[in-house]
Amino acid sequence: MFSTIRIQTAAFDVGAETRVLGQVSSQVGAITSFTGLVRDINDDAGVSSLYLEHYPGMTERQLAEIVAEAAERWQVLAATVIHRVGELRPTDPIVFVGVASLHRGDAFQACEYIIDYLKTRAAFWKKEQTEAGARWLTTRDSDLKTAANWQADDASPKKS
Amino acid sequence: MFSTIRIQTAAFDVGAETRVLGQVSSQVGAITSFTGLVRDINDDAGVSSLYLEHYPGMTERQLAEIVAEAAERWQVLAATVIHRVGELRPTDPIVFVGVASLHRGDAFQACEYIIDYLKTRAAFWKKEQTEAGARWLTTRDSDLKTAANWQADDASPKKS
Amino acid sequence: MVKVIFFASLRENLGTAELQVAVPEPASVASLVTQLVAVYGDHWALELNRDNVLVAVNQALAERHQVIVAGDEVAFFPPVTGG
Amino acid sequence: MVKVIFFASLRENLGTAELQVAVPEPASVASLVTQLVAVYGDHWALELNRDNVLVAVNQALAERHQVIVAGDEVAFFPPVTGG
């Protein structure tokens, strides 16, 4: 399994990343990707910019762990996780998760698993600059529930 | 909801398509994509090339219907379906489905729904050129079952 | 006249992509098949009556009992295999 | 010496990104917190003992009772909000 983890300030190129995933093996039949964008309205306060920080070393290690877990549960030929840090603006792409597999079911499930756990486990912190001033975000309950669903479902290979 | 349906011989650009999906609204928080590639081994016969044909007019109409169904079940801000026809070779990208939504759960489900139904309902036919000669493919039982899962689950917004 | 088209393996097996057929009124998909078999022979009955052969009338999937009229487009094709 | 680092809101609230602290043996995360509060005041107790504050020792999540030794890296941070 080819695993690529990158944390960077620069933008990423979804086309290039998808191409690379498709080239790891002639067995790749399905590539799924998730791209997360900064939304302009988060919980109803106008967001003018977002600052992201991470824990260098630990964050990369956590992302590699999440990818490895996904590869244990589903058939994964290659996976790429890219997360941007630093200053971002509304509509900027912030995170990319791409998974290459033989079949689409595995690719979808593994991709969704990785982004769900990235949201609740990986050491990133977001500070929003809104009209009402700056504030550090707190973990969303909905994200915690979404990630917990995968555990409730450990016996089965599919998300409930 | 913005819907783009294209059937073409030319390759597609996953990066450009993803960018367009992200630009339909500043509300887009999640873009999911599926890219299907021609595999070199399908049911254990070496595939040297693939020829695809469709039913001009009807195929586009069917794809638009499938996208509209997905947009009824989940929150979809924009969706793009591109399917290539004509002569393709192993590892060539053959189909792209991209969905933009406010949230990732909707984007994942709608994207998977569209590709699952495209496989079983849209008027495309594949002819493989293998070492053993040319043969028209038959619908896979596994694809029929995967699509049927969405119907068994009609009461709930999530795939079982 | 009804426009009759065939796709994929069906087109190859019948050696025919498209026909213009004058149908009596009333006509149905089933009566059209009977009419085609009368002209082109039993080989066509075998091909067009396979369990898995699908029919579309005016680009919408249809049953064999569906009524057809002049100006309609009737398509016969094998199960789809896209994606 | 133990390297102690703080992230995000915790770093801002404490006005501190990183410290080098000499710890006695045996020491734990909890005893380190007590030691920091003794030096920097009750404000630090409030911040470091919040229910949702997480700890990592050598870049792996850890409980408060985990033993730490010279050379370790101990990080305190609020719940994560990536993605």
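Atom set for the values below is all heavy atoms of this structure, side chains included, hydrogens, waters and symmetry mates excluded. By convention in this document, chain letters (A, B, ...) are assigned in the order of the sequence lines, proteins followed by strands, and residues within each chain are numbered from 1.
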Let me know if Thr32(B) has heavy atoms under 4.5 Å from chain A in its side chain, its backbone, both or neither.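 Contact with chain A: backbone and side chain both.
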Say whether, by atom type as modelled, one donor and one acceptor occur between the side chain of Arg84(A) and the main chain of Ala10(A) under 3.5 angstrom. yes
Would you confirm whether Asp92(B), through its side chain, and Arg89(B), through its main-chain N or O, come within 3.5 Å as a donor-acceptor pair?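 Yes; at least one donor-acceptor contact below 3.5 Å.
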If you count heavy-atom pairs under 4.5 Å with chain A, which of [options] comes out on top?
options: Leu21(B), Val38(B), Val28(B); value: Val28(B)
options: Ala30(B), Gly36(B), Gly98(B); value: Ala30(B)
options: Gly15(B), Pro90(B), Pro93(B), Gly29(B); value: Gly29(B)

With distance as the sole criterion, is a donor-acceptor pair present between the side chains of Ser33(B) and Ser33(A) under 3.5 Å?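 Short answer, yes.
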Taking the inter-plane angle between the rings of Tyr51(A) and Trp136(A) on a 0 to 90° scale, is it parallel (under 30°), tilted (30 to 60°) or perpendicular (over 60°)?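 The arrangement is perpendicular - the two ring planes meet at more than 60°.
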Please determine, among Val99(A), Ile115(A), Asp13(A), Ile94(A), the option with the most heavy-atom pairs under 4.5 Å with chain B. Ile115(A)
Tell me whether the guanidinium CZ or amine NZ of Arg104(A) lies under 6.0 angstrom from the six-membered ring centre of Phe108(A) and within 45° of its axis. no
